[in-house]
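One structure below.
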Amino acid sequence: MIFFGTKKSGSSRDAIKKAGILGYHTIVLTDSEKQIQDKSSYPEVDLMLWCDFSNIDKIRELIDYLIKWQINVRAIVSFIDPYCALAAKVSNEYKLSNFSFQAMEKMQNKLLCRETLNNSIYNPKYKVLDKNNFQDYDDISKMFPVVIKYIESNGSRDVYYCNDLDSYQQYVNHLFKQYKNCIILVEEFLDGKQYIVEAVAINNQIIIEAIIEQEIKFINDHFIITGYSLGLDYPEKFLTKLRTAVEEILQLHNFENGPCHLEMRYVKGEWKLIEINPRISGAGMNQFLEIGLGYSLVEEHLKLSLNLTPD
């Protein structure tokens, strides 16, 4: 099994370990020289190779080279941003899977995701900013409090809470300095409980695998996750609305095959999408769910990438 990237801990590394337990040799492609030099810290990785993920032709050459040397590639997959869609695309090219990579590409870009959900009840109010229009202070002032996001950020990085013009100007200027040709989303702040919804699409059938309430605190205008609560007994009305929301959001993305997780807020009895990612949530989520539910989510997602039937 070929993995595009890994982190030192969390769901992405759990997946590599699980692949070995399932009986597969593991190959990790990485663009981190540090990981190559520190290969001994990844004993479950059979082969680690440097790869330029910005050049898809070079990726294909490397995989062709492995196949030439009699390596029987059974799956190509990634569990980390921003390589999930890329791995799915390459996997499809080699006829190993049929993941919805175009939908995954939209999910990895916060602006494309919002545009996909235009006119949907699950979108918050939002405004798109660049260096030409970020000084539309009258419009922005009417939206406070807001959340501003760099459209290609991962996790909570480059996501800021602003409740006045001073904080807005501070963080917008910070993002414009940090990123060339930066595009920013300004979204209305949604006040309500936030949940992670782990889900998978199999031949257009949407299955909700877990619902996890997040404990969130504001620290220096950042949203910091300080705890998780695995819910198993929610009211039927709550669940029915959630199922409908998840199904409609994924259908609008044309997401027919693959894993994902949605971050949702329950606001005055209605669901709103905070963001969506085409993978299991990172950090310790897989271990958390394995303890809480008794099975490994990354193992079931690996089966999906192998065209096996998940349990």
Side-chain angles (χ1 to χ4, degrees), residues 78-89 99-130 133-134 143 146-162 171-172 175 179 181-190 192 194-201 204 206 208-209 211-212 214 216 222-223 225 241-267 270-282 285 301:
S78 183
F79 285 79
I80 62 172
D81 294 322
Y83 307 131
C84 299
L86 178 62
K89 179 179 181 178
F99 280 6
S100 304
F101 75 89
Q102 291 172 317
M104 296 167 84
E105 289 174 343
K106 294 178 186 176
M107 293 175 179
Q108 289 178 173
N109 182 294
K110 290 176 169 56
L111 175 55
L112 291 178
C113 177
R114 288 291 176 231
E115 290 176 343
T116 299
L117 298 180
N118 269 345
N119 303 318
S120 162
I121 62 172
Y122 308 112
N123 247 357
K125 296 175 184 176
Y126 73 94
K127 185 177 177 65
V128 183
L129 300 181
D130 56 30
N133 70 343
F134 77 97
M143 294 178 65
V146 297
V147 178
I148 65 170
K149 307 174 178 180
Y150 172 49
I151 63 168
E152 295 183 8
S153 65
N154 300 322
S156 61
R157 185 168 60 89
D158 303 323
V159 178
Y160 299 97
Y161 172 79
C162 305
Y171 292 122
V172 165
L175 290 174
Y179 299 104
N181 300 322
C182 181
I183 298 177
I184 295 171
L185 274 181
V186 180
E187 300 177 352
E188 65 171 324
F189 172 70
L190 300 170
Q194 185 160 312
Y195 299 82
I196 289 177
V197 183
E198 294 288 350
V200 64
N204 218 21
I206 309 300
I208 292 179
E209 301 159 313
I211 305 168
I212 306 102
Q214 294 176 297
I216 301 175
H222 274 293
F223 297 90
I225 308 300
K241 281 193 168 185
L242 179 60
R243 288 191 196 102
T244 300
V246 170
E247 288 175 358
E248 290 184 8
I249 289 167
L250 296 184
Q251 285 167 1
L252 286 169
H253 279 84
N254 293 319
F255 190 64
E256 298 180 354
N257 285 287
C260 67
H261 75 271
L262 305 88
E263 293 186 17
M264 308 279 289
R265 282 215 171 191
Y266 200 47
V267 183
E270 300 296 336
W271 287 103
K272 298 289 185 179
L273 180 71
I274 301 299
E275 67 175 52
I276 184 170
N277 292 285
R279 54 172 174 78
I280 179 178
S281 184
M285 185 55 65
H301 293 174

Practice task
Name all residues meeting the salt bridge (charged side-chain N to carboxylate O under 4.0 Å, His left out) criterion together with K106; count only those two or more places apart in sequence or in a different chain, and write none if there are none.
Solution key: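 Not a single residue meets the salt bridge (charged side-chain N to carboxylate O under 4.0 Å, His left out) criterion with K106.
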Determine whether [X] and [Y] make a side-chain contact, defined as any pair of heavy atoms from C-beta on separated by less than 4.5 Å.
X	Y	answer
Y179	E152	no
L273	M264	yes
L86	E105	no
V172	V186	no
D81	R279	yes
E263	I225	no

If you measure from [atom1] on [X] to [atom2] on [Y], what distance do you get to the nearest 0.5 Å?
X	Y	atom1	atom2	result
E247	L242	CD	CG	9.5 Å
N109	L185	CG	CG	8.0 Å
D158	I148	CG	CD1	9.5 Å
L112	M107	CG	CE	12.0 Å
I206	F255	CD1	CZ	7.5 Å
N254	Q102	CG	CD	8.5 Å

Exercise for the section: If the plane angle is over 60° it's perpendicular, under 30° parallel, otherwise tilted; pick one for Y195 and W271. Expected result: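 Y195 and W271: perpendicular rings.
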Problem - Side-chain (Q194) to main-chain (I216) donor-acceptor, under 3.5 angstrom - result: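 Not confirmed, Q194 side chain does not pair with I216 backbone.
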Handout entry: Test item: H261 side-chain N/O and S281 main-chain N/O as donor-acceptor pair under 3.5 Å
Key =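 Checked: pair present.
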For [X] and [Y], work out which heavy atoms get closest and say how close.
X	Y	value
Y266	K241	OH-CD, 4.4 Å
P124	E188	CA-OE2, 3.5 Å
M104	C84	CE-O, 3.7 Å
L190	K272	CD1-CB, 3.4 Å
E198	I212	CG-CD1, 4.1 Å
I280	F79	CG2-CD2, 3.9 Å

Exercise for the section: May I have the step-by-step check of side chain to side chain contact (heavy atoms under 4.5 Å, CB included) for K127 and V146, ending in yes or no? Expected result: CA-CA 10 Å; K127 185 177 177 65; V146 297; over 6 Å; no
Practice task
Just jot down the side chain to side chain donor-acceptor pair (under 3.5 Å) partners of N123, sequence neighbours excluded, or say none.
Solution key: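 Expected list: R114.
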Taking only residues two or more places apart in sequence or in another chain, which ones pass ring-ring contact (aromatic ring centres under 6.0 Å, His included) with [X]?
X	result
F99	none
Y171	Y160
F101	none
Y122	none

Exercise for the section: Could you give me the CA-CA distance, side-chain angles and deciding distance for Y83 and Q108, then say whether side chain to side chain contact (heavy atoms under 4.5 Å, CB included) is met? Expected result: CA-CA 9 Å; Y83 307 131; Q108 289 178 173; over 6 Å; no
Problem - Centroid separation F189 to Y161 less than 6.0 Å - result: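 Ring centres of Y161 and F189 closer than 6.0 Å.
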Practice task
Pick out which of I211, I276, L262 makes a side-chain contact (heavy atoms from CB on, under 4.5 Å) with V246.
Solution key: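 Of the listed options, the one satisfying the test is L262.
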